[in-house]
Student: 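The structure's right below; bear with me while I get my questions together.
Start at 1 and go down the list; that is how both ligands and their atoms are numbered.
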Amino acid sequence: MSGNIQVLMKQHPTGWVQESDFEIVDRPIPQPGPGELLVRNIWLSLDPYMRGAMDPVRSYRASLKPGELMIGGSVGQVMQSNNPKFPVGAYVVGYLGWQAYGVSDGTGLNIVDPKIAPLSAWLGVVGMPGVTAHYGLLQIGQPKPGDTVVVSAASGAVGGTVGQIAKLKGCRVVGIAGGKQKCDYVVNELGFDACIDYKAADMHDQFKAATPDRVDVYFENVGGQIMEMVFARLDTFARVALCGIISQYNLTKPEGFTGMRHLLVNRASITGFIISDHLPYWPGAIGELAGWLQQGKLKFRESVAEGLPNAPAAFIGMLAGKNFGKQLVRVGPDTL
Ligand SMILES: NC(=O)c1ccc[n+]([C@@H]2O[C@H](COP(=O)([O-])OP(=O)(O)OC[C@H]3O[C@@H](n4cnc5c(N)ncnc54)[C@H](OP(=O)(O)O)[C@@H]3O)[C@@H](O)[C@H]2O)c1
């Protein structure tokens with residue numbers, strides 16, 4: 001393949017997304033028109049929201065139609081430019097999708113500085129997942145020093161950042177993650193106070209022991225049984241930032257929820273949020289995240305798939321927890 005490799009959604013998935021739901025094609029490299037620029041993608045971000053976009057149901061964004069390019073955030077380099085805001089050679093972050101090259105008129109595109117953070121991190125800790133963690137924890141969770149903060153999918157791109165920010169704010173932080181290796185990382189590398197392996201038979205007992213003062217802030221990433229367990233430990237006036245419910249994304253029949261009583265008796269609040277609704281918040285949050293990263297106060301991990309043809313398998317793997325940290329696809333070299 002030599003031109004513009006693209007990954008399309010071939011058909012809407014039914015239940016668990018399959019590699020056969022995607023199609024890889026080789027198309028001519030597009031040419032930028034007046035005011036436009038051509039970007040060579042270097043890194044592609046694989047994110048859980050893409051699974052929702054593949055379903056033909058009403059959501060907060062338009063759903064993909066069969067044959068359309070998979071949507072996605074990417075970091076790339078400007079190769080040709082008819083737009084003075086984006087000179088040739090500049091590195092940019094934007095939403096150019098699962099393809100090797102993309103043309104943009106500059107809308108939603110931002111120049112990034114690899115001296116501030118590595119190129120790939122602009123899709124992770126100083127990108128969309130980092131801002132999601134920052135907003136959900138600080139604006140919705142409103143953590144106070146000494147609060148117990150619980151976060152699910154704790155070793156992931158969002159969850160790992162949530163826990164570290166909560167530690168910076170003086171909270172006791174309990175993560176929930178799948179498996180001993182991820183839990184060890186969350187405690188030993190990221191500095192959480194405890195981490196519960198939700199695959200362990202005694203998960204409920206472990207969780208109770210790790211939250212002696214109950215839970216003041218819950219940053220929800222997974223839904224399902226884990227959410228039920230945490231809701232039963234909420235403290236009075238707890239805040240729940242409803243960020244995602246990844247355990248439900250591939251189910252044809254989502255699980256029921258029986259935890260309303262816990263919200264009521266604890267006078268707790270739950271707020272769902274979608275980070276793309278809060279664009280004015282992004283620059284300040286990215287500035288703070290980048291500062292913490294440069295001071296060594298934020299750590300992150302990445303799982304890298306090599307090449308666009310491996311993106312569907314990596315995406316399916318990420319939804320099943322095979323990733324360990326931010327899931328990326330290396331589309332091309334950093335420099336040519
Ligand atoms: N609201 C927003 O604007 C917004 C923005 C970004 C992300 N999100 C949400 O944030 C969450 C995390 O996203 P991310 O990008 O940081 O992904 P991630 O955590 O890096 O990767 C996904 C992780 O989800 C966990 N997972 C998968 N299936 C699970 C299950 N059945 N039960 C429990 N955990 C499961 C896996 O970790 P384990 O191995 O630990 O199971 C997997 O590694 C997702 O729910 C996503 O939709 C929301």
Student: At the 4.0 Å heavy-atom cut-off, does Ile176 count as touching ligand 1?
Tutor: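 Judged by the 4.0 Å heavy-atom criterion, Ile176 does not count as contacting ligand 1.
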Student: May I ask you to list the atoms of ligand 1 that are less than 4.0 angstrom from any heavy atom of Ile275?
Tutor: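 That gives atoms 2 (C), 3 (O) of ligand 1.
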Student: Could you check which of Ser247, Gly325, Gly317 puts a non-hydrogen atom nearest to atom 31 (N) of ligand 1?
Tutor: Ser247
Student: Going by the atom numbers of ligand 1, which of them fall below 4.0 Å from some non-hydrogen atom of Ile226?
Tutor: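 So the atoms of ligand 1 that pass are 33 (C).
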Student: Below 30° counts as parallel, above 60° as perpendicular, anything between as tilted: where do the rings of His278 and Tyr135 land?
Tutor: parallel
Student: Answer yes if the side chains of Arg239 and Gln142 hold a donor-acceptor pair under 3.5 Å, and no otherwise.
Tutor: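 No, because no side-chain N or O of Arg239 sits under 3.5 Å from a partner of the opposite role on Gln142.
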Student: Distance under 4.0 Å to a non-hydrogen atom of Leu319: what atoms of ligand 1 satisfy this?
Tutor: 27 (C), 28 (N)
Student: Record the part of Asn221 in heavy-atom contact with ligand 1 below 4.0 Å; permitted values are side chain, backbone, both and neither.
Tutor: both
Student: Whether the Asp202 and Gln206 side chains hold a donor-acceptor pair (N or O, under 3.5 Å, no angle test) is what I'd like checked.
Tutor: yes
Student: Quick check on side-chain hydrogen bond (donor to acceptor under 3.5 Å, both in side chains): which of Lys180, Gln181, Lys182 does Asp184 satisfy it with?
Tutor: Lys180
Student: Among all protein heavy atoms, pick the one closest to atom 5 (C) of ligand 1 and tell me residue, atom and distance.
Tutor: Thr132 OG1, 3.3 Å
Student: I need the atoms of ligand 1 closer than 4.0 Å to a non-hydrogen atom of Tyr249, numbered in the order shown.
Tutor: 45 (O), 46 (C), 47 (O)
Student: Say whether Gln327 and ligand 1 are in contact under the criterion: heavy-atom distance to a ligand atom below 4.0 Å.
Tutor: no
Student: Go through it in stages, so that I can follow the logic: the residues are Val230 and Ile176, the test is side-chain contact (heavy atoms from CB on, under 4.5 Å), and I'd like the CA-CA distance, side-chain angles, deciding distance and then a yes or no.
Tutor: CA-CA 10 Å; Val230 181; Ile176 302 172; 3.8 Å; yes
Student: Do Ser63 and Asp55 have side-chain heavy atoms sitting under 4.5 Å apart?
Tutor: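 Ser63 does not reach Asp55 side chain to side chain.
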Student: For atom 21 (O) of ligand 1, what is the nearest protein heavy atom, given as residue, atom name and distance?
Tutor: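 Protein heavy atom at minimum distance: Asn323 ND2, 3.1 Å.
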Student: Identify, for atom 39 (O) of ligand 1, the protein heavy atom at the shortest distance, and state residue, atom and that distance.
Tutor: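 Of every protein heavy atom, Lys182 NZ, 2.6 Å lies nearest to atom 39 (O) of ligand 1.
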Student: Which ligand 1 atoms, with their elements, are less than 4.0 angstrom from a heavy-atom of Phe273?
Tutor: 1 (N), 2 (C), 3 (O)
Student: Name the option, out of Gly321, Pro48, Gly156, that contains the heavy atom nearest to atom 17 (O) of ligand 1.
Tutor: Pro48
Student: Taking N or O atoms only and a 3.5 Å limit, does Val222 qualify as a polar contact for ligand 1?
Tutor: no
Student: Please determine if Arg233 forms a cation-pi arrangement with Phe207, meaning its NZ or CZ atom is less than 6.0 Å from the six-membered ring centre and no more than 45° off the ring axis.
Tutor: no
Student: Give a yes or no answer on whether the side chain of Asp197 reaches the backbone of Gly178 with a donor-acceptor pair at less than 3.5 Å.
Tutor: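 Flag not set: sc Asp197 to bb Gly178 has no pair under 3.5 Å.
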Student: What is the nearest protein non-hydrogen atom to atom 9 (C) of ligand 1, stated with its residue, atom name and distance?
Tutor: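 Going atom by atom, the protein heavy atom closest to atom 9 (C) of ligand 1 ends up being Cys243 SG, 3.6 Å.
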Student: Assess the side chains of Ser152 and Tyr218: does a donor N or O sit below 3.5 Å from an acceptor N or O?
Tutor: yes
Student: Considering non-hydrogen atoms of the protein only, which is the closest contact for atom 22 (C) of ligand 1, and what is the distance?
Tutor: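 Minimum-distance protein heavy atom for atom 22 (C) of ligand 1 reads Ile246 CD1, 3.6 Å.
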Student: How about Lys208: does its NZ atom have over 12 heavy atoms from other parts shown lying under 6.0 Å from it?
Tutor: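 Open.
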Student: So is Ser155 in contact with ligand 1, going by heavy-atom distances below 4.0 Å?
Tutor: no
Student: Show me which atoms of ligand 1 lie under 4.0 Å from any heavy atom of Ala157.
Tutor: 16 (O), 18 (P), 19 (O), 20 (O)
Student: For Ala177, take its heavy atoms, then give the atoms of ligand 1 lying under 4.0 Å from any of them.
Tutor: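 Taking each heavy atom of Ala177 in turn, ligand 1 has 40 (O) under 4.0 Å.
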Student: Would you mind reporting whether Thr148 and Asp235 have side-chain heavy atoms less than 4.5 Å apart?
Tutor: no
Student: Do Gln11 and Asp21 get their side chains close enough for a donor-acceptor pair, meaning under 3.5 Å?
Tutor: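 The criterion, which ignores hydrogens and geometry beyond distance, is satisfied for Asp21 and Gln11.
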Student: Among all protein heavy atoms, pick the one closest to atom 7 (C) of ligand 1 and tell me residue, atom and distance.
Tutor: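 Protein heavy atom with the smallest distance to atom 7 (C) of ligand 1: Val158 CG2, 3.8 Å.
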Student: Just jot down the ligand 1 atoms closer than 4.0 angstrom to any heavy atom of Ile245, in number order.
Tutor: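 Those atoms are 45 (O).
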Student: Might you work through the salt bridge (Lys or Arg N to Asp or Glu O under 4.0 Å) test for Glu306 and Arg330, ending with a clear yes or no?
Tutor: CA-CA 5 Å; Glu306 298 293 339; Arg330 195 195 317 268; 2.9 Å; yes
Student: Return the closest protein heavy atom for atom 6 (C) of ligand 1 as residue, atom name and distance.
Tutor: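 Result: Met128 SD, 3.5 Å.
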Student: So which protein heavy atom does atom 41 (O) of ligand 1 come closest to, and at what separation?
Tutor: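 So the nearest neighbour among protein heavy atoms is Tyr198 OH, 2.4 Å.
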Student: Output yes when the distance from some N or O of ligand 1 to some N or O of Gly178 is under 3.5 Å, and no in every other case.
Tutor: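 Among all N and O atoms of Gly178, at least one is under 3.5 Å from an N or O of ligand 1.
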Student: Go through the structure and list residues passing ring-ring contact (aromatic ring centres under 6.0 Å, His included) with Trp98, not counting sequence neighbours.
Tutor: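 Scan of Trp98 (ring-ring contact (aromatic ring centres under 6.0 Å, His included), adjacent residues dropped) gives Phe22, Phe315.
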